[in-house]
Amino acid sequence: MPHSPSPDLHAVVREIAEEMRARPDRGEVATYIPELARVDANAFGLVVIDADGTVAAGGDADVAFSIQSISKVFTLTLALGMVGDRLWRRVGREPSGSPFNSIVQLERERGIPRNPFINAGAIAVTDVILSGHQPREALGEILRFMQFLAEDPTIAIDEAVAASELRTGFRNVALANYMKSFGVLDNPVDFTLGVYFHHCAIAMTCRQLARAGRFLAHSGRTPSTGHSVVSAERARRINAVMLTCGHYDGSGEFAYRVGLPGKSGVGGGILAVAPGRASIAVWSPGLDASGNSHLGRIALEALTRRLGWSIFGV
């Protein structure tokens with residue numbers, strides 16, 4: 001059953017946005033993708049959409065940013081829809097405890113990535129979506145899925161970011177070739193990486209991202225339409241992987257402090273899910289040492305504390 005909305009949701013979101021704007025500690029903007037280095041480190045946006053469709057927004061809620069690894073939640077959902085649990089033969093479900101672009105673990109584990117949210121795992125998931133399609137078709141399918149979930153056909157790929165990643169993604173090229181050597185990837189490495197770089201370069205606002213994540217907060221259904229995106233069981237399992245693996249080697253800290261399933265991206269965004277209650281998107285471009293939004297995590301910790309939304313109890 002949906003929980004009744006907190007009467008002060010709008011006030012809480014506005015307060016947190018104002019507090020975050022005033023903080024001097026903002027983390028470091030990602031520089032290894034040149035286009036991301038240009039983003040304003042002072043930006044901050046927060047949107048919460050509750051079970052009744054109430055939208056509470058604060059700060060730069062309607063400024064588009066590069067969602068980067070948050071796209072991996074949606075590619076995982078698509079790939080599970082295509083091949084079901086056979087996907088887990090290609091990629092694990094365990095936290096990595098290593099940086100998101102580590103190659104060491106792949107060598108030890110014979111090319112099978114630890115989980116679908118580190119780079120190697122997401123490349124393997126992208127390869128599954130690509131199978132039987134041309135790269136342009138696979139990418140179109142991912143983008144249309146995002147537009148469908150957010151009920152917004154204007155969502156698009158930032159081609160400058162995609163080109164920037166293609167030019168500088170040498171580590172991802174190495175990861176993909178290494179997996180290919182173990183037979184984990186079926187398609188040409190260039191094709192799989194092209195789709196991967198482009199879906200990471202999708203640009204969305206906090207408002208659009210929170211809308212796209214609603215099905216994970218409501219047992220696989222989009223509340224506004226009643227449309228079933230995935231089964232309740234699959235939504236629960238995707239949330240479980242988000243909780244344990246969604247923040248790279250900062251996942252334990254995020255669970256400890258925020259207490260919600262979530263997925264971060266190096267563009268500074270975080271999608272978080274309060275099951276049965278709300279879908280939440282936050283954006284602050286400055287990152288912590290693990291590559292997660294510094295103020296985004298602090299803002300979500302404040303939100304769950306004030307509203308009592310941690311899945312581990314109030």
Side-chain angles (χ1 to χ4, degrees), residues 3 5-27 29-30 39-71 73 149-150 152 155 202-214 216-218 223 242 246-247 250 253-255 257-275 277-288 291-311:
H3 300 259
S6 169
D8 57 351
L9 183 60
H10 291 282
V12 168
V13 167
R14 275 197 308 271
E15 285 164 18
I16 291 172
E18 285 164 18
E19 288 164 22
M20 295 305 115
R21 274 216 180 276
R23 287 182 71 119
D25 55 320
R26 309 198 73 82
V29 173
V39 178
D40 178 10
N42 293 313
F44 179 87
L46 174 62
V47 170
V48 180
I49 304 178
D50 74 8
D52 296 327
T54 301
V55 180
D60 300 309
D62 295 302
V63 177
F65 59 91
S66 185
I67 66 169
Q68 291 295 310
S69 289
I70 302 171
S71 67
V73 172
L149 292 173
D152 190 337
I155 293 167
I202 291 171
M204 295 175 76
T205 67
C206 287
R207 195 180 302 268
Q208 291 168 331
L209 188 57
R211 286 178 71 83
R214 289 170 301 170
L216 292 171
H218 303 292
M242 287 171 71
H247 287 76
E253 182 75 1
F254 187 85
R257 293 192 173 277
V258 177
L260 296 178
K263 181 71 197 87
S264 67
V266 296
I270 302 174
L271 171 66
V273 175
R277 297 182 186 270
S279 175
I280 308 157
V282 63
W283 172 53
S284 179
L287 310 179
D288 63 20
N292 304 310
S293 175
H294 174 65
L295 290 186
R297 195 265 297 157
I298 292 170
L300 289 170
E301 183 179 0
L303 186 79
T304 54
R305 195 188 310 116
R306 291 177 203 185
L307 298 173
W309 279 2
S310 169
I311 63 170

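Starting from 1, each residue takes its place in the sequence as its number. Treat the numbers as computed from the prediction; the structure is a model and nothing was measured.
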Practice problem: Please answer whether the main-chain N or O of G267 pairs with a side-chain N or O of W283 as donor and acceptor at a distance below 3.5 Å. | Solution: yes
N42 meets the side-chain hydrogen bond (donor to acceptor under 3.5 Å, both in side chains) criterion, sequence neighbours left out, with none
State whether the side chain of K263 and the backbone N or O of G246 hold a donor-acceptor pair below 3.5 Å, judged by distance alone. yes
Separation between CE (M242) and OG (S264), nearest 0.5 Å, reads 9.5 Å
S279 and G213 have their tightest heavy-atom pair at OG-C, 3.4 Å
Across all chains, not counting sequence neighbours, the salt bridge (charged side-chain N to carboxylate O under 4.0 Å, His left out) partners of E15 are R306
Distance col, row L209:CG vs L271:CG, nearest 0.5 angstrom, shows 5.0 Å
For R14, the salt bridge (charged side-chain N to carboxylate O under 4.0 Å, His left out) test, sequence neighbours excluded, returns none
When rounded to the nearest 0.5 Å, the distance separating CZ of R297 from CG of D288 is 7.0 Å
Residues at least two apart in sequence or cross-chain that pass salt bridge (charged side-chain N to carboxylate O under 4.0 Å, His left out) with D25, listed by chain then number, are R23
ask   = Side chains of V13 and L303: closer than 4.5 Å at any heavy-atom pair?
value = yes
Output for pair (L295 CG, L46 CG), nearest 0.5 Å, gives 11.5 Å
Output for pair (C206 SG, I280 CD1), nearest 0.5 Å, gives 11.5 Å
Heavy-atom closest pair (A61 atom, T205 atom, distance to 0.1 Å) is O-CB, 3.4 Å
Derivation of the side-chain contact (heavy atoms from CB on, under 4.5 Å) call for I298 and E19: CA-CA 10 Å; I298 292 170; E19 288 164 22; over 6 Å; no
Here the gap from F254 atom CZ to N292 atom CG, rounded to the nearest 0.5 Å, amounts to 8.0 Å
Smallest heavy-atom separation, A30 atom then L287 atom, equals CB-CD1, 3.8 Å
May I have the step-by-step check of side-chain contact (heavy atoms from CB on, under 4.5 Å) for L260 and I311, ending in yes or no?
CA-CA 6 Å; L260 296 178; I311 63 170; 4.1 Å; yes
Sequence neighbours excluded, the answer for salt bridge (charged side-chain N to carboxylate O under 4.0 Å, His left out) partners of R207 is D62
Residues passing the side-chain hydrogen bond (donor to acceptor under 3.5 Å, both in side chains) test with S284, sequence neighbours excluded, are none
Heavy-atom closest pair (A57 atom, V47 atom, distance to 0.1 Å) is CB-CG2, 3.9 Å
Note: W309 and L9 closest approach over all heavy atoms is CH2-CD1, 4.1 Å
Heavy atoms of T304 and E301 approach each other most closely as OG1-O, 3.2 Å
Check your understanding: So do R21 and D60 actually touch side chain to side chain, heavy atoms under 4.5 Å?
Key -> yes
